Amino acid sequence: MLEFLSGIRHLPGYLDRARQEALVEVIRTIVAEAPLYVPVMPGTGKPMSVRMTNCGPLGWVTDKERGYRYQPTHPATGRRWPDLPQELLDIWNDVAGYDKPPEACLINFYSDEARMGLHQDKDERDLQAPVVSISLGNSCLFRVGGLSRNDRTLSVKLSSGDLVVLGGEGRLCFHGVDRIHPATSTLLKNGGRINLTLRRVNPPS
DNA sequence: TAGTATCT
DNA sequence: TAGC
């Protein structure tokens with residue numbers, strides 16, 4: 001049950017095994033073109049535990065000097081991000097309930113030790129569009145709160161193929177990943193978890 | 001527009 | 001800096 005803030009939807013088992021495998025293949029080709037890198041915190045330069053890349057016209061990046069932002073190019077290669085694959089556009093069209101296509105897909109790779117502290121996705125200018133999150137590989141313990149950091153939180157297990165849609169009132173809720181559950185999926189041969197988040201950055205023109 | 005942030 |  002993930003409805004204590006309206007606009008947060010958990011769709012368990014949304015993607016069947018074949019669609020999960022197809023997505024992993026697509027992600028492999030994206031990562032070959034736009035390699036995973038270790039993002040660091042603004043100001044401190046502390047590395048995050050996830051590795052990250054993007055596809056789509058824009059990608060979310062962070063570094064010590066310039067902080068959180070969206071940009072059209074990979075910070076290491078300087079090349080444009082790979083295109084958003086049709087598989088992801090199809091998912092967006094099915095669940096987002098939003099006219100305009102996503103502009104960014106952040107690809108986060110979690111090793112079995114990686115975590116993600118509670119945070120809000122609020123670097124987008126368009127807060128009307130939802131954020132659509134796709135889980136692949138090992139399951140995780142996901143935690144969702146409210147609009148304020150100290151609000152009560154709820155923990156939910158997310159499994160491979162699950163979707164979470166953060167929209168409406170839930171668009172700016174705090175959320176994070178407390179734990180990856182090792183060896184809970186056979187999708188990724190080397191373990192870990194991939195999370196894809198589809199975001200609309202700019203308001204419709 | 002300056003300060004802040006997915007860190008611990 | 002609670003919750004894992």
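Here is how names work: the chains are called A, B, and so on, in the same order as the sequence lines, proteins then strands, and each is numbered from 1. Predicted model only: the values in this text are computed from it and were never measured.
The nearest whole Å value for the distance from the OH atom in A:Tyr110 to the P atom in B:dC7 is 8 Å. The separation between A:Arg51 atom CZ and B:dT6 atom P is 23 Å, rounded to whole Å. One interatomic measurement links the two molecules: CZ of A:Arg152 to P of C:dG3, which rounds to 11 Å at whole-angstrom precision. Per the geometry, CG belonging to A:Asp178 stands 14 Å off C1' belonging to B:dC7, to the nearest Å. A straight line from CD1 of A:Ile180 to P of C:dG3 spans 20 Å, rounded to a whole angstrom. As rounded to whole Å, 17 Å separates atom C1' of B:dT6 from atom CD1 of A:Ile107. One can place CD of A:Gln120 at 12 Å from C1' of B:dT4, the figure rounded to the nearest angstrom. Taking atom NZ of residue A:Lys122 and atom P of nucleotide B:dT4, one finds them 12 Å apart after rounding to whole Å.
For A:Arg149 and B:dT6, the shortest distance from a side-chain N or O to OP1 or OP2 is below 4.0 Å.
Note on A:Ser155: only backbone sugar-phosphate atoms sit closer than 4.0 angstrom, heavy atoms only; bases stay farther off. Among the heavy atoms of the strands lying under 4.0 Å from A:Asp123 is at least one base atom, whether or not backbone atoms are also near.
A:Asn93 places no side-chain N or O within 3.5 Å of a backbone atom of A:Asp90 that could act as its donor or acceptor partner.
A stacked arrangement is assigned to A:Trp60 and the six-membered base ring of B:dT6, with a centre-to-centre distance below 5.5 Å and an interplanar angle below 30°.
Under a cut-off of 6.0 angstrom, the local environment of CZ in A:Arg69 is crowded, with over 12 non-hydrogen atoms contributed by other residues, nucleotides or ligands.
Distance from the side chain of A:Tyr68 is smallest for B:dA5 among the nucleotides C:dC4, B:dA5, B:dC7.
Using bins of under 30°, 30° to 60° and over 60° for the plane-to-plane angle, the ring pair A:Trp92/A:Tyr98 lands in the perpendicular bin.
Under the side-chain contact (heavy atoms from CB on, under 4.5 Å) criterion, A:Arg115 pairs with A:Ser49, A:Arg179, sequence neighbours left out.
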